[in-house]
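Report on the structure given below.
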Amino acid sequence: MTLSLSIGNLFNDSDSHALVDELRKRTSEEDILEFEEKFNSKNEKNLHIYICKFLKNRSISRGVACKWLITIIKNKESKIDTLQKLSR
């Protein structure tokens with residue numbers, strides 16, 4: 001299966017498959033957030049962009065994508081809430 005991610009030449013097909021495999025094997029929130037932080041620090045586009053593209057192209061299950069996106073969003077919301085409380 002050929003992936004057409006339309007996200008530039010950042011990843012080839014084997015890299016995309018490797019990333020999907022990484023997403024599948026990390027299940028705890030701590031692992032997910034640690035991987036996201038490392039990924040985002042080393043890549044031009046954030047991990048959630050890739051997850052959404054994988055979901056759109058049906059190269060990742062809805063369950064895996066949902067778990068990752070909910071974990072990432074909850075973490076971002078928590079950070080925003082903490083910063084808002086500190087600024088009051």
Side-chain angles (χ1 to χ4, degrees):
M1 175 170 82
T2 302
L3 297 173
S4 58
L5 299 177
S6 301
I7 52 176
N9 295 326
L10 299 176
F11 282 165
N12 60 32
D13 284 349
S14 64
D15 290 337
S16 294
H17 292 299
L19 179 54
V20 169
D21 289 342
E22 280 296 318
L23 298 177
R24 286 182 181 134
K25 74 180 179 181
R26 297 179 184 266
T27 56
S28 74
E29 286 189 13
E30 295 81 23
D31 283 346
I32 290 170
L33 295 174
E34 179 184 322
F35 182 79
E36 182 214 10
E37 185 177 330
K38 287 180 185 176
F39 184 91
N40 289 349
S41 70
K42 295 178 182 178
N43 291 282
E44 186 177 313
K45 296 197 183 272
N46 287 334
L47 182 59
H48 68 272
I49 300 293
Y50 291 95
I51 294 171
C52 290
K53 294 291 184 178
F54 290 153
L55 189 56
K56 178 184 172 211
N57 293 325
R58 298 181 182 187
S59 53
I60 193 170
S61 75
R62 292 177 295 188
V64 170
C66 181
K67 180 174 180 110
W68 275 78
L69 292 173
I70 286 173
T71 301
I72 290 169
I73 291 168
K74 280 175 44 180
N75 182 55
K76 301 295 183 224
E77 287 175 344
S78 175
K79 287 180 180 179
I80 290 169
D81 288 344
T82 301
L83 289 172
Q84 285 178 336
K85 287 176 185 173
L86 290 174
S87 67
R88 291 183 189 163

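Sequence positions, counted from 1, serve as the residue numbers for this chain.
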Side-chain donor/acceptor pairs under 3.5 Å, residues 20-35, sequence neighbours excluded:
from: E22; atom 1: OE1; to: R26; atom 2: NE; distance (Å): 2.9
from: E22; atom 1: OE1; to: R26; atom 2: NH2; distance (Å): 3.1
from: E22; atom 1: OE2; to: K25; atom 2: NZ; distance (Å): 3.0
from: S28; atom 1: OG; to: D31; atom 2: N; distance (Å): 3.1
from: S28; atom 1: OG; to: D31; atom 2: OD2; distance (Å): 3.4
from: E34; atom 1: OE2; to: K38; atom 2: NZ; distance (Å): 3.2

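- Within the model, atoms CG of N75 and CD of E37 stand 9.0 Å from one another, a figure rounded to the nearest 0.5 Å.
- Side-chain atoms of D15 and L19, non-hydrogen and from C-beta on, never get closer than 4.5 Å to each other.
- Inter-residue side-chain proximity for Y50 and S16 is flagged as unmet; no heavy-atom pair is nearer than 4.5 Å.
- Side chain of T71 to main chain of K67: a donor-acceptor pair is present (N/O by atom type, distance under 3.5 Å, no hydrogens or angles).
- Expressed to the nearest 0.5 Å, how far OG of S41 lies from CG of L47 amounts to 11.5 Å.
- Put simply, the side chain of I60 does not reach to within 4.5 Å of the side chain of W68, judged on heavy atoms.
- Note: S59 OG to K53 NZ = 11.5 Å, rounded to the nearest 0.5 Å.
- Scored by the side chain to side chain contact (heavy atoms under 4.5 Å, CB included) test, L69 finds H48, I51, C52 as partners (sequence neighbours excluded).
- Not a single salt bridge (charged side-chain N to carboxylate O under 4.0 Å, His left out) links D81 to another residue, sequence neighbours left out.
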